[in-house]
Number of protein chains: 2
Amino acid sequence: MPKSSRKTRSVVTINDVAALAGVSPMTVSRVVNAEKNVRPAKREAVLAAVRQLNYAPNLAARSLAKAEETKIGVIYNNPSAAYLSEFLVGMLDETAGKGAQLVLVKCEAVDEPAERKAVALLLAASVTGVVLPPPLSESDVVRDILKAAGVATVAVATGKARGDLSCVRVDDNRAAFEMTQRLLELGHRRIGFITGHPNQTASAERLQGFRQAMAGAPDAQSQVVQGYFSFASGLTAAEELLDGPLPLTAIFASNDDMAAAAVSVAHRRGLDVPRDLTVVGFDDTAVATTLWPPLTTVRQPVSAMAAAAIDLLLTEIRARKDGAPPRPVDRVTPHTLIERQSSGPAPRA
Amino acid sequence: MPKSSRKTRSVVTINDVAALAGVSPMTVSRVVNAEKNVRPAKREAVLAAVRQLNYAPNLAARSLAKAEETKIGVIYNNPSAAYLSEFLVGMLDETAGKGAQLVLVKCEAVDEPAERKAVALLLAASVTGVVLPPPLSESDVVRDILKAAGVATVAVATGKARGDLSCVRVDDNRAAFEMTQRLLELGHRRIGFITGHPNQTASAERLQGFRQAMAGAPDAQSQVVQGYFSFASGLTAAEELLDGPLPLTAIFASNDDMAAAAVSVAHRRGLDVPRDLTVVGFDDTAVATTLWPPLTTVRQPVSAMAAAAIDLLLTEIRARKDGAPPRPVDRVTPHTLIERQSSGPAPRA
DNA sequence: CGTAGTCTTGATAGCGCTAACGTCCCTGTC
DNA sequence: GACAGGGACGTTAGCGCTATCAAGACTACG
């Protein structure tokens with residue numbers, strides 16, 4: 001008869017597994033944590049017991065024992081709801097198994113006071129690491145405060161590597177290059193480009209990729225106008241492009257929202273997409289498929305990038321605890337060209 | 001000299017606070033957990049110490065001590081990315097403080113095998129509770145399996161209360177009623193309605209609210225066509241409405257995606273929104289503001305609803321552990337009418 | 001066959017917190 | 001003034017897991 005007066009526990013514990021497998025809890029722990037140095041026979045016995053009892057380790061106990069309470073802060077800024085949800089899902093998937101805790105903070109504005117406030121909130125919650133999705137991944141203010149506070153940080157979707165900060169990103173330059181090449185392959189020779197917001201390095205990278213590809217086709221002409229990643233800015237930019245001196249057959253917008261705007265402008269002018277005008281975007285957010293016609297675009301593995309960010313962060317946190325100096329990592333993940341119905345061969349001249 | 005050979009812990013613990021405040025750790029615990037029966041003087045001392053040391057309780061230790069490891073499963077189906085992200089944020093905000101764990105499972109299709117598989121995954125992860133956002137909140141299959149497995153469940157955004165399941169929702173009926181009344185106030189007398197997917201009770205509720213409001217204006221006429229919540233279905237439905245015998249001055253779509261489609265159709269036909277045609281939606285998702293003109297719509301407090309769902313779930317889980325019989329709760333949260341530029345007074349007849 | 005080395009396993013002692021129970025002390029009541 | 005009743009606070013004993021170390025089992029080699 002147990003003398004415990006505590007709440008009865010109903011779930012199976014490591015001790016139950018150990019008892020069934022005829023080994024010590026410690027051995028079960030080793031097997032469950034995939035440590036080596038356990039004889040195959042015992043390992044099998046433990047695994048069998050685990051399966052039989054449907055044992056799942058108690059993450060609270062684990063992180064307590066490991067003395068590694070990891071609270072990971074995320075400063076989000078609703079870049080786009082679609083992006084955010086995929087990003088959150090990716091992070092949650094990764095944290096669920098590792099027993100890390102997510103603390104979200106919204107940063108309404110993109111100005112300095114708002115950023116400072118957001119970071120202060122996270123520091124007050126004493127987070128051990130921070131993930132910065134775009135557009136905050138580029139904020140020097142945030143970076144500096146976090147660095148000063150000695151908090152491990154990972155930036156996501158920056159245009160290029162940042163020597164002082166780990167980041168997870170796609171090769172924006174190359175992706176834009178490939179998309180442009182595809183347009184050239186389709187026969188387009190007069191292509192408009194709508195840039196992204198100048199405060200994000202990804203914008204410059206995408207533009208550069210576009211320019212590099214265009215440089216490879218001497219007979220092609222281009223027109224570049226400034227956009228700011230918003231639907232509204234896309235409207236203005238598209239109007240400007242279509243009113244320009246160059247009769248365009250294709251528009252490459254630096255994100256899907258602006259591409260959607262370009263489609264909208266085209267329709268208002270009685271142009272059929274893609275028969276009269278090809279429109280392509282970047283990011284593969286939800287609008288890409290909500291729209292008619294669905295957008296040809298570049299897909300970033302957002303969810304995988306989020307997971308990678310958490311992974312990098314946990315690694316860095318562990319390294320820091322061991323006293324290792326922070327060593328920034330630059331993880332480039334693969335992108336994909338997705339061809340839907342908004343692109344087609346260039347109309348006959 | 002401490003004889004501990006463990007990892008050094010750097011963060012402040014409850015003992016540090018207790019020592020500084022000159023009380024026992026237990027008293028600190030009581031203060032931190034806002035229990036009564038602590039004399040004001042001691043309470044103040046503890047709070048001061050907490051502030052001074054910037055103490056934050058270790059959630060892992062807390063949930064371990066309370067023996068309440070709560071893993072909450074969520075089956076999502078990407079109803080809309082905007083909805084999902086807001087929903088996730090709401091849940092995370094609520095779980096962060098309570099030390100609950102979220103396990104996400106995607107249910108790609110809405111057919112029975114997919115649903116069964118998703119639930120099986122959650123059960124395998126031995127979750128103690130499940131949150132069902134729409135559209136899975138209405139699945140009888142899911143409900144039955146979870147019930148059989150004895151897992152606490154909360155459904156979110158069902159059209160009406162479900163006697164056998166706790167749910168968090170808005171009053172769809174009333175919201176649709178109010179929106180329709182607003183249209184009538186604006187002078188609209190020939191109003192089209194696009195219904196939602198028939199497999200969701202919210203659809204019927206919204207339609208009923210519309211009908212009830214229309215019944216109050218004997219001089220008004222309406223035309224109702226079937227939609228399925230998708231943008232594409234909205235296109236078809238809007239075409240049908242505008243081709244119909246009734247020259248409409250307003251269209252009320254059962255969600256924003258379909259309203260967006262209606263706007264798109266109107267534009268294609270050279271109708272100005274809202275001068276020639278008022279279009280209103282429901283849900284206030286991201287499209288509502290991505291679009292031009294931004295949509296007048298009904299806002300659900302998605303994030304608050306998600307938080308409420310977590311709260312209900314934790315309460316129910318605790319009740320179950322105490323042996324109380326599950327008692328379904330129906331929590332109705334307030335909605336808001338949001339008037340943007342897609343609605344206006346009816347054109348002169 | 002002995003001995004040093006390596007691999008495997010278990011015993012012990014917490015990680016930080018709180019449930020449960022005792023003890024003390026303060027009221028109010030007759 | 002004695003006693004019950006209850007509030008305030010401390011003590012003890014874990015929650016389930018793993019770090020650490022010591023002991024046992026085995027290997028290789030002289």
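A, B, ... follow the sequence lines: proteins, then strands. Residue 1 opens every chain. Any value given below was found using the heavy atoms of this structure, including those in side chains, with hydrogens, waters and symmetry copies removed.
- Of the two residues near DNA chain D, B:R43 and A:A61, the one whose nearest nucleotide lies more 5' is B:R43.
- Evaluated for a side-chain hydrogen bond (donor to acceptor under 3.5 Å, both in side chains) with B:R169, the options B:T158, B:D330, B:T333 yield exactly one hit, B:D330.
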Subject >> Trace of the side-chain contact (heavy atoms from CB on, under 4.5 Å) decision for B:K147 with B:L165 >> reply: CA-CA 9 Å; B:K147 200 164 205 178; B:L165 214 58; over 6 Å; no
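- Atom P of nucleotide C:dT9 and atom CD1 of A:I14 are separated by 15 Å, given to the nearest angstrom.
- A salt bridge links A:R143 and A:D140; the closest N-O separation between the charged side-chain nitrogens and carboxylate oxygens is under 4.0 Å.
- D:dC15 atom P lies 11 Å from atom CG of A:D16, rounded to whole Å.
- Residue A:T13 has no polar side-chain atom (N or O) positioned under 4.0 Å from OP1 or OP2 of D:dG16.
- At least one side-chain nitrogen or oxygen of A:S29 sits closer than 4.0 Å to the OP1 or OP2 atom of D:dT18.
- Between D:dC17, D:dT18, C:dT18, one nucleotide has an atom nearer to the side chain of A:N33 than all others, and that is D:dT18.
- Distance CZ (A:R39) to C1' (C:dT6): 11 Å, rounded to an integer number of Å.
- Following rounding to the nearest Å, A:N37 (CG) and D:dA19 (P) show an atom-to-atom distance of 14 Å.
- Along DNA chain C, the nucleotide nearest A:R30 and the nucleotide nearest B:N15 are compared for position; the residue whose nucleotide lies closer to the 5' end is A:R30.
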Original post:
Do A:S63 and A:T70 pass the side-chain contact (heavy atoms from CB on, under 4.5 Å) test, and can you show the C-alpha distance, the side-chain angles, and the key distance before you say yes or no?
Top reply: CA-CA 8 Å; A:S63 48; A:T70 33; over 6 Å; no
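- When each of B:A60 and B:E35 is assigned the nucleotide of DNA chain C with its nearest heavy atom, B:A60 is the one assigned upstream, toward the 5' end.
- Counting to the nearest Å, the P atom of C:dA19 and the CG atom of B:L64 are 12 Å from each other.
- Atom CE of A:M26 and atom C1' of D:dA19 are 7 Å apart (whole Å).
- Going from atom OH of B:Y55 over to atom P of C:dT18 covers 6 Å, rounded to whole Å.
- The NZ atom of B:K66 sits 13 Å away from the C1' atom of D:dC15 (whole-angstrom rounding).
- Among the heavy atoms of the strands lying under 4.0 Å from B:K42 are primed sugar atoms or P, OP1, OP2 only; no base atom is included.
- Considering CG of A:L92 and OG of A:S85, their distance stands at 11.0 Å, rounded to 0.5 Å.
- The side chain of A:R62 lies closest to D:dT18, out of C:dT18, C:dT9, D:dT18.
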